Chemist: 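Dropping a structure here in structure tokens format, bear with me for questions.
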Amino acid sequence: MSRARRYVPQDVPFELKEINLEEASDDDLLEISRESGTGLSLDEMRRIKDYFAARGRRPTDVELQSIGQAWSEHCCYKSSKVFLREYVFSITNRHVIDRGDAGVMEFDRDHAYALRIESHNHPSAVEPYGGAATGIGGILRDVLCMGARPIALVDPLFFGSLGYPSSRLPEGVKHPKYLLGGVVAGIRDYGNRVGVPTVSGGLWFDDSYVGNCLVNVGCVGIAEKKDVRRNAVKGPGDVLVLVGGRTGRDGIHGVTFASAVLTEESETESRGAVQLGDPIMKEPVMHAVLEANERKLVNGMKDLGGGGLSCVVGEIALAGGCGAEVDLSRVPLKEEGLAPWEIWISESQERMMLSVSPKNLETVLHVFKLWDVPATPVGKVVKEKRVRLFFRDVKVFDLELDFLTAGPEYCRPCEAGEALERRRRERRPKASSRYDRMLLRLLSDSNICNRDWVIRQYDHEVRANTVLKPLQGKTGCWSHGDAAVLKPVEESFRGLAIATASNPFAVNVDPYRGGKACVDEVCRNLAAVGARPHSLTDCLNFGNPEKPERLWQFREAVRGIGEVAKELNLPIPSGNVSFYNESPKGSVLPTPAILGCGLVRDVRKCATSDLKREGNPLYVVGTTSQEMGSSAYYRKTRSYSSRIPNVDIQALKAGLGIVLDGIERGSVVACHDISDGGLAVALAEMCIGGGIGADASLAGLGRMRSDTKLFSESTSRWLVEIRKGKERQLPRNRATSVTKIGHVGGSSLRLTSGKILVDVEVDAMARRFNEPLWKVVG
Amino acid sequence: MKVSDTRVCVLVIEGTNCEEESYLCFKRLGARPEKVHLKQLTGTDVTSDERRSLSDYQLLVLPGGFSAGDYVRAGAIFAARLRSRLSKDLTEFVREGKPILGICNGFQILVETGLLPAMSGTMSDVPEAVLGTNDSARFECRPTLLKNVNNGNCVFTSRIPIGKISHIPSAHAEGKLMFPVDRAKGIVKELEENDQIVFKYVDSDGRLAGYPWCPNGSTDNIAGVCNRDGNVFGMMPHPERVFFRFTHPDWTRSPDGAGDGRAVFESVLAYISKKM
């Protein structure tokens, strides 16, 4: 069938086509999918063909585009839902208030917090500054539309190594250094301008991210319970008010772009899929939305993200058991001449949809007027569960919501395949008598060294609620903290702790154990500051799910994450799956990024990681084992083991209890979780932050090689500094071990096990820890 | 005037984003702060209930943030709107001895408006100084130590002993105070003679030091200045972020006492209750 016969222009004074599906062969169907940029599969196209055949008419281009958005991987989770349902959705407790665009959890009797994390990978790989900035914009709206005020941003980022040779960069791929600079600047300029502190995150480097960097963005918000809203209309008669930015051609096909593998042509073909952010539209949008909501003028709201209007109208109406009629000609545009389908699916930024009772409409419009934010009634809610669209009085779209939103769900083939065979034989590093140089090399490793170059560009204190900051320590001697703590409610000392964790190296070797280790780490981080883990949200970044091995990695990681979360009764009320993180160079490491929230009873009791006082004793909580797989030490020495640290739930629970109890009683004055680089690196960081040394003997950790004691990344472990004389107050539990290793003091870090293993000046460690990023990107 | 009667106008436009914490500092001390949109003072798009007049307030606060995106130059757009619509109200406010506080973006706005350093009167016709891009060319969010070098002129630091070093953090991209190059030395000297210099960035030993102790490369390490009468005051660092001890960057090392920023707010409220 010729192109001319596939599309039938309509006799209207604007661009509108009907699509000739009834005569289309399978080849034509695929061609239509390709030409429309919707990325629908043959099966999906056949389903659409049957639907319209049964109704005796042809779809318009607006309808086909809309279905393409709604049925994309990004919007309907068609490859992942089956696993998420099995391992994640079932975890619940009475603290879960809602699972909408963001999850909502109970904070205290009167307050709730909202949390969500998502990816903005593909846009950031093509246009790092705009991609990252609009990622922040989108996640803010996800929290805002629950009725919550955004109070914290979180950004885990994954790039290729900064020294990657430019000559080896594949065609169309940007250098990691350029991407890092652009992404950090995008987050900085957007996050700082909207006045929401960026308090946590992470930076990982591995060459698998060269062709497809990962930019994950998380947000946490706070609300009075009475102000929490659902992403739903109240009922027929509600007016749909589109607020915020104007609609343009930026961000067309963003979701379908996100649901395909990056190619050499992504730069030229998909630049238009990246939206343009405007923080100075977003900032007043937040003011106006929150004010209208607090004054009870809004029945429900939802943000315009992936799929733009086409997704939001159907979803907000259906969630309230209704349908909607929208007049597309009323949508404020950035430029003249947009076709109805473009208006309907554009992902232009800074927009939200409010569902408002007619009696409140005028007041709502006034609130937005004061902030100079466009607010336009574009449609109304109707009883029948269908959406009808009009453009200049012509009906251009009429679909049943049950069909539009019933995206396909797949149980795609999923098997380990070569992944297990790839596991190589153990190769241990050569034992050595001293490890001073190894410790310094690890401290300056790009995956461990000080991130202050990034952190200091983000305002982490705006709103003046940040009690524990991302960098902690004596003035002038900053080191990494484990979690940030906010005090979100003026009248209360209750705190909300936020931590980020990911371990793509472990997940790559053993996705199940790696998934478990990620949850263990985020819980360790929270407990280390004195917070009880309370909820999680995860961004699961994987490769192409149509490849059975990639999907197997995904399933195993989700199984591991779900298992530990369930045992700890930690709900995951929101999250995001990002597939197709592949480029011509191959897939990224399987990367689940986890954002954890914890509750602190009294922020004035929190602990930081920096060592405090000469003479205080040091303890290790937890058991150290010979589980060196994927450890920073093994990666550095090019050794290999498939033994990824396992999580013993009972030991984790016991460890959490000991650390939390110790901090709340005031006997623990410094605490740091043991992760990348093991005990030696963790203790070095504590020394750097405190500007003081330590002397510790590792003989009591058990019988194993010295390098294992120093660098093992066994899970569920912490280093704690106890106030002198309060040692007895550190509780014990038979499910895990508590071992005294030494005390704080001196100007160097001395680690022994029978003989001296490490003896390095703190100043020397600090230099090696602080310099690397500045040298490369400063 | 009693503190409980003191009305504080915390002025905002789009992009102002430190208004809530600034507002709370005054509320905690028992004053009557109010967040006011500039349009409420100019009467644009507002109902009669929402209309406000600057003369109803005893204290004006310009909080931090990125007013109007800081797109032309930090504070320039907010300043232009103030000058075009409220010049008269502002000069009257200052001449009556009522205090104005500008923090971070607020400081930038005061300089752009000509209310600081205002060496030749209440409000200069053109800016006499500029808060330029930091030497590092980056946004810098970091703890800074400020030494009080004011000899008693500034009404915002009367409760801070001369020479005391306060822990007040900075977060800005444009905080380098500069004067016309050919006259800089003379201007600084004049500021000193007028007792207009209030805070300087120092290291932990109290000495004037370079980056990162001074985050921006400011002339003579100046972090905050006031006008000749001491009632208009601007500073780049954020006292509202350290009202309490537990938001100090290193509070877990010395958890007792008030936050170092609190004294700025106490000082000005004490001045108002004594003078008005």
Side-chain angles (χ1 to χ4, degrees), chain A residues 149 185 188-189 192-198 278-281 283-287 366 369-373 452-453 455-469 471-478 485 487 490 493 495 603-610 612-613 669-670 690 778, chain B residues 12-22 24-25 27-28 37 39-40 44-47 50 64-71 104 136 138-145 167 169-173 203-204 212-213 215 238 240-253 255 259 261:
Chain A
R149 177 185 296 279
R188 172 193 72 201
D189 287 356
N192 292 354
R193 281 197 167 95
V194 293
V196 180
T198 300
D278 180 3
I280 298 307
M281 173 56 77
E283 207 267 350
V285 164
M286 295 200 298
H287 281 292
H366 174 73
K369 176 91 181 159
L370 182 69
W371 286 102
D372 295 310
V373 173
D452 63 340
W453 181 84
I455 295 169
R456 296 259 181 251
Q457 294 194 57
Y458 302 153
D459 193 335
H460 50 255
E461 303 195 85
V462 57
R463 304 189 51 74
N465 290 331
T466 315
V467 173
L468 291 196
K469 337 263 180 204
L471 290 170
Q472 304 173 351
K474 190 173 150 184
T475 301
C477 309
W478 312 104
V485 175
K487 180 188 164 300
E490 172 73 4
F493 285 109
V603 295
R604 295 168 298 182
K605 297 235 165 95
C606 284
T608 48
S609 63
D610 47 307
K612 301 295 185 303
R613 192 179 294 272
V669 295
Chain B
V12 303
I13 64 168
E14 73 279 4
T16 307
N17 60 35
C18 300
E19 69 272 20
E20 183 68 23
E21 52 269 42
S22 306
L24 284 171
C25 289
K27 191 151 189 257
R28 290 168 192 145
H37 194 287
K39 285 164 117 185
Q40 292 178 265
T44 321
D45 295 332
V46 292
T47 63
E50 290 163 345
F66 287 80
S67 57
D70 276 355
Y71 284 126
C104 194
S136 67
R138 270 189 303 271
F139 187 91
E140 296 278 351
C141 178
R142 54 175 70 249
T144 38
L145 298 174
H167 221 146
S170 293
H172 57 255
D203 65 15
S204 49
W213 298 106
H238 288 271
E240 80 282 14
R241 296 187 181 181
V242 279
F243 188 89
F244 296 115
R245 195 66 176 180
F246 54 74
T247 50
H248 270 233
D250 62 347
W251 69 271
T252 56
R253 307 182 71 82

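Proteins come first, then strands; the chains are lettered A, B, ... in the order of their sequence lines, and each starts at number 1. Note that these values count all heavy atoms, side chains included, but never hydrogens, waters or copies made by symmetry. Keep in mind that this is a model prediction, so the values were computed, not measured.
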Chemist: Between Phe246(B) and Leu468(A), is any pair of side-chain heavy atoms under 4.5 Å apart?
Modeler: no
Chemist: Please look at Thr16(B) and chain A and tell me whether the side chain, the backbone, both or neither of the residue comes under 4.5 angstrom of a heavy atom of that chain.
Modeler: backbone
Chemist: Would you give the length of the straight line joining atom CD1 of Ile280(A) to atom CG of Asp70(B), rounded to the nearest 0.5 angstrom?
Modeler: 7.5 Å
Chemist: For Tyr71(B), which atoms come within 4.5 Å of any heavy atom of chain A: side chain, backbone, both, or neither?
Modeler: side chain
Chemist: What part of Glu14(B) is in contact with chain A, defined as an atom under 4.5 angstrom from a non-hydrogen atom: side chain, backbone, both or neither?
Modeler: both
Chemist: Out of Asn192(A), Asp452(A), Leu370(A), which one racks up the most heavy-atom pairs below 4.5 Å with chain B?
Modeler: Asn192(A)
Chemist: Within a strict 4.5 Å, meaning less than it, do heavy atoms of the Asp45(B) and His366(A) side chains meet?
Modeler: no
Chemist: Quick check: do Glu461(A) and Thr247(B) have side-chain heavy atoms less than 4.5 Å from each other?
Modeler: no
Chemist: So which part of Asp189(A) gets closer than 4.5 Å to some heavy atom of chain B, the side chain, the backbone, both or neither?
Modeler: neither
Chemist: So which of Gln472(A), His460(A), Arg613(A) has the largest heavy-atom pair count under 4.5 angstrom toward chain B?
Modeler: His460(A)
Chemist: Got Arg28(B) and Glu490(A) here, is their nearest side-chain heavy-atom distance under 4.5 Å?
Modeler: yes
Chemist: Identify which part of Ala173(B) has an atom lying under 4.5 Å from any heavy atom of chain A, answering side chain, backbone, both or neither.
Modeler: neither
Chemist: Picking from Pro279(A), Ala464(A), Pro284(A), which has the most non-hydrogen pairs under 4.5 angstrom with chain B?
Modeler: Ala464(A)
Chemist: Check for a donor-acceptor pair, side chain of Lys469(A) on one end and backbone N or O of Asp250(B) on the other, with a separation under 3.5 Å.
Modeler: no
Chemist: Less than 4.5 Å to any heavy atom of chain B: does that hold for the side chain of Asp372(A), its backbone, both, or neither?
Modeler: both
Chemist: Which value, rounded to the nearest 0.5 Å, describes the distance between Thr608(A) atom OG1 and Arg253(B) atom CZ?
Modeler: 7.5 Å
Chemist: Name the region of Val242(B), side chain, backbone, both or neither, that has any atom closer than 4.5 Å to a heavy atom of chain A.
Modeler: neither
Chemist: Checking Pro249(B) against chain A: side chain, backbone, both or neither under 4.5 Å from a heavy atom?
Modeler: both
Chemist: Treating Glu21(B) as the side-chain partner and Arg463(A) as the backbone partner, does any N or O pair qualify as donor plus acceptor under 3.5 Å?
Modeler: yes
Chemist: Rounded to the nearest 0.5 Å, how far apart are CG of Asp459(A) and SG of Cys18(B)?
Modeler: 7.0 Å
Chemist: Distance check, rounded to the nearest 0.5 Å: Arg188(A) atom CZ versus Arg138(B) atom CZ?
Modeler: 9.0 Å
Chemist: At their closest point, which heavy atom of Leu145(B) faces which heavy atom of Thr475(A), and how far apart are they?
Modeler: CD1-CG2, 4.4 Å
Chemist: With a 4.5 Å cut-off on heavy-atom pairs, point out which of Val603(A), Asp278(A), Val194(A), Val462(A) contacts chain B the most.
Modeler: Val462(A)
Chemist: Measure the CZ-CD distance between Arg456(A) and Glu140(B) for me, rounded to the nearest 0.5 Å.
Modeler: 8.5 Å
Chemist: Check whether His167(B) gets within reach of chain A through its side chain, its backbone, both or neither, counting any heavy atom under 4.5 Å.
Modeler: side chain
Chemist: Which bit of Ser204(B) is near chain A, if near means a heavy-atom gap under 4.5 Å: side chain, backbone, both or neither?
Modeler: neither
Chemist: For Val373(A), which atoms come within 4.5 Å of any heavy atom of chain B: side chain, backbone, both, or neither?
Modeler: neither
Chemist: Kindly compute the distance separating CZ (Phe66(B)) from CD (Glu283(A)), expressed to the nearest 0.5 Å.
Modeler: 11.0 Å
Chemist: Heavy-atom pairs under 4.5 Å with chain A: which of Pro255(B), Pro169(B), Gly65(B) has the most?
Modeler: Pro169(B)
Chemist: Is there side-chain contact between Phe244(B) and Val467(A), with at least one heavy-atom pair below 4.5 Å?
Modeler: no
Chemist: So do the side chains of Asn17(B) and Met286(A) get within less than 4.5 Å of each other, counting heavy atoms only?
Modeler: no
